[in-house]
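Residue numbers run from 1 in the order of the sequence given.
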Amino acid sequence: MVGWLTAFTDGYTSDDHLCSDPQAVAVDGSGADQVRRCAARLAEVFPAALSNPLKIGDAAMPGDMAASMILWEYQVHGWDLAHAAGVSWSPADDGVEASLAFAPGMLTPDFQGEGKAFGPRVDVADDAPALERLVGLSGRDPRV
């Protein structure tokens, strides 16, 4: 996660909007300081940077779309980490609601189902907390 966050931050903060290689990022200690440094760098360029395309290798996508994808993935992977560690985690509801609006467009049959990047959707009650609905939509069971 630190590698990809660094890569995306490099893309948003560079003149050419090219992401660095996430595999080349070394995690120093817990990685928390690296995450804080990325957040500080992003705070300097957002929201203006969202109007620029973000280049990942030979591909590019609109900056605002990339930010929505990143937010969604980090909320779900944040849940994964918290769940695995047995700790609670509560990202801001407005961000989770934004991801609930964005994710269905990305979770097409090409990417979601058995043996794919995202598992099949897990049914979650419509009145469940937003994070539970998001992780269920993303193929995780929030009840386990």
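Hydrophobic clustering (ILVMFWY, side-chain heavy atoms < 4.5 Å, transitive): Val76 and Val122 are in distinct clusters. The cluster map of Ile, Leu, Val, Met, Phe, Trp and Tyr, joined by side-chain heavy atoms under 4.5 Å apart, puts Phe111 and Met61 in different clusters. Leu71 and Leu81 fall into different hydrophobic clusters, where Ile, Leu, Val, Met, Phe, Trp and Tyr side chains are chained together by heavy-atom contacts under 4.5 Å. Under the 4.5 Å side-chain heavy-atom criterion for ILVMFWY residues, no single connected hydrophobic cluster contains both Val45 and Leu18.
No side-chain heavy atom of Arg140 sits under 4.5 Å from any side-chain heavy atom of His83. Contact annotation: the side chain of Thr6 never approaches that of Arg37 to less than 4.5 Å [non-hydrogen atoms, C-beta and beyond]. Inter-residue side-chain proximity for Asp28 and Asp33 is flagged as unmet; no heavy-atom pair is nearer than 4.5 Å. With a 4.5 Å cut-off on side-chain heavy atoms, Leu131 and Trp89 count as touching.
A distance-only check finds no donor-acceptor pair linking the side chain of His17 to the backbone of Ala60 [under 3.5 Å]. Under a 3.5 Å cut-off, the side chain of Gln75 and the backbone N or O of Gly95 do form a donor-acceptor pair. Judged by distance alone, with hydrogens and angles left aside, the side-chain atoms of Tyr12 form no donor-acceptor pair with the main-chain N or O of Arg41 at under 3.5 Å. Checked by atom type and distance alone, the side chain of Gln34 never pairs as donor or acceptor with a backbone atom of Gly29 at under 3.5 Å.
Nearest heavy-atom pair, Val135 versus Pro142, reported as atom, atom and distance to 0.1 Å: CG2-CB, 3.6 Å. Val124 and Ala128 get closest at one heavy-atom pair: CG1-CB, 3.4 Å. Residues Ala101 and Pro104 come closest through the heavy atom pair O-CD, 3.7 Å. The two residues Ala48 and Ser51 have their closest heavy-atom pair at O-OG, 2.9 Å.
Look at Lys116 and Asp110 and you find no salt bridge, because none of the NZ, NE, NH1 or NH2 atoms lies under 4.0 Å from a carboxylate O.
The distance from the NE2 atom of His77 to the CH2 atom of Trp4 is 10.5 Å, given to the nearest 0.5 Å. Rounding to the nearest 0.5 Å gives a distance of 8.0 Å between CG of Leu42 and CD1 of Ile70. Note that the CH2 atom of Trp79 and the OG atom of Ser90 stand 13.0 Å from one another [nearest 0.5 Å]. Going from atom CD1 of Ile56 over to atom CG of Asp58 covers 11.5 Å, rounded to the nearest 0.5 Å. In this structure, the separation between CG on Asp10 and NZ on Lys55 is 14.5 Å, given to the nearest 0.5 Å.
Residues that satisfy the ring-ring contact (aromatic ring centres under 6.0 Å, His included) test with Tyr74, not counting sequence neighbours, are absent from this structure. Qualifying ring-ring contact (aromatic ring centres under 6.0 Å, His included) partners for Phe102, counting only residues two or more places apart in sequence or in other chains: none. For Leu107, the side-chain contact (heavy atoms from CB on, under 4.5 Å) partners at least two apart in sequence or on another chain are Trp72, Ala103, Gln112, Phe118, Arg121, Leu137, Ser138.
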